[in-house]
Amino acid sequence: PRELVVEFENLAADLRAGAQGDAGEKIAARLGRIPASQKNRWLARGDVQAALGLAWGEARSWPEAIACLEASLTADYGDCTMRVIEQYANFRVRHAAEVWQQAARQTAKVREQTRQAQIECIESAILDLDMLCRRAPTVERFSLLGSAYKRLALVEKEGPRRTEALVNMAQHYRLAHARRPDAYAFTNWLAGSLLAAQRGEGQAAGEAAAQQRELDAMVRELAARNESDPSFWDSASLADLQLVRLLSQAPPPRKRGAAASPAPAMAVLAAYRNAIARGASPREVSSVAEHIAFLIELWAPDDKANRRILEQIQENLS
């Protein structure tokens, strides 16, 4: 069984790196090599179910992943790590958001029932992550909690509960960034702050100014690193930072009848194109596209200029 665990861990790493092919077939092939006389005993082990669940998670097969991690947590034999609890919560949140996205064609009544069911699912996962963060906080756990509130904001209706989710999203990504400065957490912190501010939950002027100074420093640092050692994630993070800087700045005054300058928006579009040109896998592009879709969904409808920029970026990612 320990060799099987290693095989599933290697498969998960391959899928994370963008391996092609049917993940389900690859998992089935490994399961098929278990000796028939040992299969039930091996699959009752917590370590085997944990490795299997994490592999399913990298394949974005949330129901299978959730079932395996739950089996791991309740197994009588075989250890599982704290990562299993983290990802069990994470996968439930992701599955709930996916179910909600697929509910667009349901009738209004059924759609509302779906909304409430997925809100309950996300809130249950948030309780698990919050317990972990209180007892043993890490960058990953604060980021997962921020991500959970981000998806909760997507599922909630427009109103105080959505605003509260956005405030919590910003707060937990801020805590992640404070533990270890990182473009991913910083970008999501600013995005949550901007969206909350649009709904009346603004920051103090001093904090907003400090964010802008840190943003400028992070853009310079990432640009220099990406120039000497280019990678997809650094390129994508640089594009995300440039986008959130553009979204956070008030448009410059212009003369009556004059068209707005397209230069800032074109620079952001070029940054995303450069990131994809690095040879991004479908999984990596999907991760970036998910963030843009979130911003489009929640951005102020009367800010047509910035919404158009977001839509153009989304078109380039599809």
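Positions are given from 1, in the same order as the sequence printed here.
Shown here are the salt bridge (charged side-chain N to carboxylate O under 4.0 Å, His left out) partners of K157, two or more places apart in sequence or in another chain: E112. With sequence neighbours excluded, no residue satisfies salt bridge (charged side-chain N to carboxylate O under 4.0 Å, His left out) with D79. Remark: R307 engages no residue in a salt bridge (charged side-chain N to carboxylate O under 4.0 Å, His left out) (not counting sequence neighbours). In this structure R111 satisfies the side-chain hydrogen bond (donor to acceptor under 3.5 Å, both in side chains) test with no other residue, sequence neighbours excluded. Applying the side chain to side chain contact (heavy atoms under 4.5 Å, CB included) test to A270 and every residue at least two apart in sequence or in another chain returns nothing. Residues forming a ring pair (Phe, Tyr, Trp, His ring centres under 6.0 Å) with F91 (at least two apart in sequence, or on another chain): W62. Partners of E70 by salt bridge (charged side-chain N to carboxylate O under 4.0 Å, His left out), not counting sequence neighbours: none found.
Looking at R115, its side chain does come within 3.5 Å of a backbone N or O of V155 through a donor-acceptor pair. No donor-acceptor distance shorter than 3.5 angstrom exists from the side chain of S147 to the backbone of S143, with no hydrogens or angles considered. Not a single donor-acceptor pair under 3.5 Å links the side chain of S124 to the backbone N or O of E120.
Within 6.0 Å of the CG atom in D22, the count of heavy atoms belonging to other residues, nucleotides or ligands exceeds 12. Heavy atoms of other residues, nucleotides or ligands lying less than 6.0 angstrom from CZ of R180 number 12 at most. E164 CD: 12 or fewer foreign heavy atoms inside a 6.0 Å radius.
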Give the intermediate values and the outcome of side-chain contact (heavy atoms from CB on, under 4.5 Å) for residues T163 and E156.
CA-CA 9 Å; T163 302; E156 289 282 11; over 6 Å; no
Report the C-alpha distance between F142 and C133 in whole Å, list the side-chain angles of each, state the deciding distance to 0.1 Å, and finish with yes or no for side-chain contact (heavy atoms from CB on, under 4.5 Å).
CA-CA 7 Å; F142 278 135; C133 283; 3.8 Å; yes
Hey, mind stepping through F8 and L31 against side-chain contact (heavy atoms from CB on, under 4.5 Å) and telling me if it holds?
CA-CA 10 Å; F8 281 134; L31 292 173; 3.7 Å; yes
Report the C-alpha separation of Q113 and Q106 in whole Å, then their side-chain angles, then the decisive distance to 0.1 Å, and conclude whether the side-chain contact (heavy atoms from CB on, under 4.5 Å) test is met.
CA-CA 10 Å; Q113 291 172 343; Q106 293 175 345; over 6 Å; no
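You'll find the side chain of L195 reaches within 4.5 Å of the side chain of L295, heavy atoms only. Side-chain contact between I119 and R161 is present, with at least one heavy-atom pair separated by less than 4.5 Å. V139 is not listed as a side-chain neighbour of D182, based on a closest heavy-atom distance of 4.5 Å or more. Residues L269 and I309 have side chains not in contact (no heavy-atom distance under 4.5 Å, counting atoms from C-beta outward). Within the 4.5 Å cutoff, the side chain of E290 has heavy atoms near those of the R151 side chain. Between S287 and W233, the closest side-chain pair of non-hydrogen atoms falls below 4.5 Å. Residues H291 and T187 are in side-chain contact: their nearest non-hydrogen atoms beyond the backbone lie under 4.5 Å apart. In this structure, the side chains of Y88 and I66 come closer than 4.5 Å at one or more pairs of heavy atoms.
The two atoms that bring Q198 and L298 nearest to each other are OE1-O, 4.0 Å, heavy atoms only. Across all their heavy atoms, S235 and N226 have their closest contact at OG-ND2, 3.0 Å. Nearest approach of M218 to A183, heavy atoms of both residues: SD-CA, 3.6 Å. I122 approaches A148 most closely through the heavy-atom pair CG2-O, 3.7 Å. The two residues A271 and Q242 have their closest heavy-atom pair at CB-OE1, 3.0 Å. Pairing each heavy atom of A275 with each of F232, the nearest pair is O-CD1, 3.2 Å.
Listed by first and then second residue, the salt bridge (Lys or Arg N to Asp or Glu O under 4.0 Å) pairs that reach into residues 227-238 are R225-D234, sequence neighbours excluded. Among residue pairs with one or both ends in residues 31-44, those qualifying as salt bridge (Lys or Arg N to Asp or Glu O under 4.0 Å) are E7-R33; sequence neighbours excluded. For residues 183-202, the salt bridge (Lys or Arg N to Asp or Glu O under 4.0 Å) pairs, not counting sequence neighbours, are E158-R199. Annotation: salt bridge (Lys or Arg N to Asp or Glu O under 4.0 Å) contacts involving residues 95-107, sequence neighbours excluded, are absent.
How far CG of L132 is from CD of E86: 6.5 Å, rounded to the nearest 0.5 Å. In this structure, CZ in R162 is found 9.5 Å from CG in L152, a value given to the nearest 0.5 Å. Considering OH of Y173 and CG of N168, their distance stands at 12.5 Å, rounded to 0.5 Å. Interatomic distance, CG of L194 versus CG of L247, reported as 6.5 Å (0.5 Å rounding). Distance check, rounded to the nearest 0.5 Å: CZ of R83 to CG of N90 gives 8.5 Å. In this structure, CG on L222 lies 6.0 Å from CG on L238, to the nearest 0.5 angstrom.
Paired with D128 under the rule salt bridge (charged side-chain N to carboxylate O under 4.0 Å, His left out), one option of R92, R141, R134, R135 passes, and it is R92.
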Would you list the atom pairs, donor with acceptor, under 3.5 Å between side chains in residues 44-59 and any protein atom, with sequence neighbours excluded?
from, atom 1, to, atom 2, distance (Å)
R45, NE, D47, OD1, 3.0
R45, NH2, D47, OD2, 2.9
Q49, NE2, L43, O, 2.8
E58, OE1, R283, NH2, 2.9
E58, OE2, R16, NH1, 3.0

